[in-house]
Amino acid sequence: MSPRVRGNIATAAPTAGRHRKAGEALHQRPTHHTEKPPVLSVVYLVLSLCALATTSAAAILWTPIDADFITRADNAGWDTTMLLPHQMELSIVVNTSVLLTLVLVVTAFYGVLASRRR
């Protein structure tokens with residue numbers, strides 16, 4: 001590398017001999033660009049949708065079970081021995097997992113949209 005050439009060799013070579021501003025070559029889109037998102041972004045979206053479906057199914061199935069345990073304990077004069085151990089925390093975890101996977105789906109969807117714009 002000659003002492004007069006500054007910067008990265010990868011950015012210096014394509015701009016050599018042309019009258020471009022420094023760093024302009026880094027912002028050029030490749031000519032072979034298609035409007036399809038990368039495979040990894042789509043896989044991430046599909047897996048996050050599967051996780052959302054699974055956690056939603058768990059929450060839907062857990063809700064009547066939780067209500068049944070609470071009803072039995074209430075009919076027995078609020079006998080806490082009829083409740084599951086840590087039942088309230090379990091309900092919070094199930095509902096929070098649905099919320100977190102929903103956030104995961106939103107970020108995956110944003111990732112697919114952002115990858116299409118590049």
Side-chain angles (χ1 to χ4, degrees):
M1 185 169 160
S2 80
R4 289 184 281 159
V5 178
R6 286 198 234 169
N8 190 349
I9 292 175
T11 59
T15 59
R18 297 182 187 154
H19 300 288
R20 290 188 181 174
K21 294 179 184 177
E24 187 178 333
L26 295 175
H27 300 293
Q28 297 294 322
R29 288 187 176 179
T31 57
H32 64 280
H33 181 73
T34 62
E35 293 299 320
K36 293 181 182 178
V39 174
L40 189 59
S41 296
V42 175
V43 168
Y44 176 53
L45 179 62
V46 168
L47 289 177
S48 62
L49 286 171
C50 289
L52 180 64
T54 303
T55 56
S56 297
I60 290 169
L61 293 173
W62 170 248
T63 302
I65 294 169
D66 184 43
D68 189 42
F69 274 107
I70 290 175
T71 303
R72 286 183 190 173
D74 196 26
N75 289 341
W78 197 248
D79 185 10
T80 56
T81 60
M82 297 187 83
L83 295 174
L84 291 174
H86 308 288
Q87 184 168 355
M88 184 60 139
E89 290 85 1
L90 185 59
S91 296
I92 291 171
V93 167
V94 168
N95 293 330
T96 304
S97 67
V98 173
L99 181 65
L100 288 176
T101 53
L102 181 64
V103 169
L104 186 69
V105 167
V106 169
T107 57
F109 184 71
Y110 177 74
V112 169
L113 288 179
S115 67
R116 290 188 77 180
R117 290 183 187 156
R118 283 192 237 158

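Residues: numbered from 1 along the sequence shown.
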Find out whether L49 and F109 are in side-chain contact, i.e. whether some heavy atom of one side chain is under 4.5 Å from a heavy atom of the other.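 No - every pair of side-chain heavy atoms lies 4.5 Å or more apart.
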
Just so I know, are the side chains of T71 and N75 near enough to count as touching, which here means a heavy-atom distance under 4.5 Å?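 When only atoms from C-beta onward are counted, N75 and T71 do touch, with a gap below 4.5 Å.
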
Practice problem: Evaluate whether atom CG of L100 has more than 12 neighbouring non-hydrogen atoms of other residues, nucleotides or ligands under 6.0 angstrom away. | Solution: yes

To check you understand the geometry: which heavy-atom pair defines the closest contact between [X] and [Y], and what is its length?
X    : Y   : answer
G111 : S41 : O-OG, 4.2 Å
R72  : M82 : O-SD, 3.7 Å
A59  : V94 : CA-CG1, 3.4 Å
A73  : L83 : CB-CD2, 3.7 Å
S91  : D66 : OG-OD2, 3.3 Å
T101 : V98 : OG1-O, 3.0 Å

When clusters are formed by joining ILVMFWY residues with side-chain heavy atoms under 4.5 Å apart, either directly or through shared neighbours, do F69 and L90 land in the same one? yes

Given 3.5 Å as the limit, does a donor-acceptor pair link the side chain of D68 with the main chain of P64, or not?
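The answer is no, because no donor-acceptor pair under 3.5 Å joins these two groups.
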
From [X] atom [atom1] to [Y] atom [atom2], the distance as rounded to the nearest 0.5 Å:
X   : Y    : atom1 : atom2 : result
L52 : T55  : CG    : OG1   : 5.0 Å
S97 : L102 : OG    : CG    : 11.0 Å
L99 : L104 : CG    : CG    : 11.5 Å

Quick one, V112 with Y44, criterion side-chain contact (heavy atoms from CB on, under 4.5 Å). Give me CA distance, side-chain angles, the key distance, then yes/no. CA-CA 9 Å; V112 169; Y44 176 53; over 6 Å; no

| message | Side-chain heavy atoms under 4.5 Å apart, restricted to Ile/Leu/Val/Met/Phe/Trp/Tyr: what other residues fall into the cluster of V43, or is it alone? | response |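 The other cluster members (ILVMFWY side chains, heavy atoms under 4.5 Å, direct or chained) are V39, L47.
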
Item to complete: Could you walk me through whether W62 and I65 pass side-chain contact (heavy atoms from CB on, under 4.5 Å), step by step?
Response: CA-CA 5 Å; W62 170 248; I65 294 169; 3.7 Å; yes

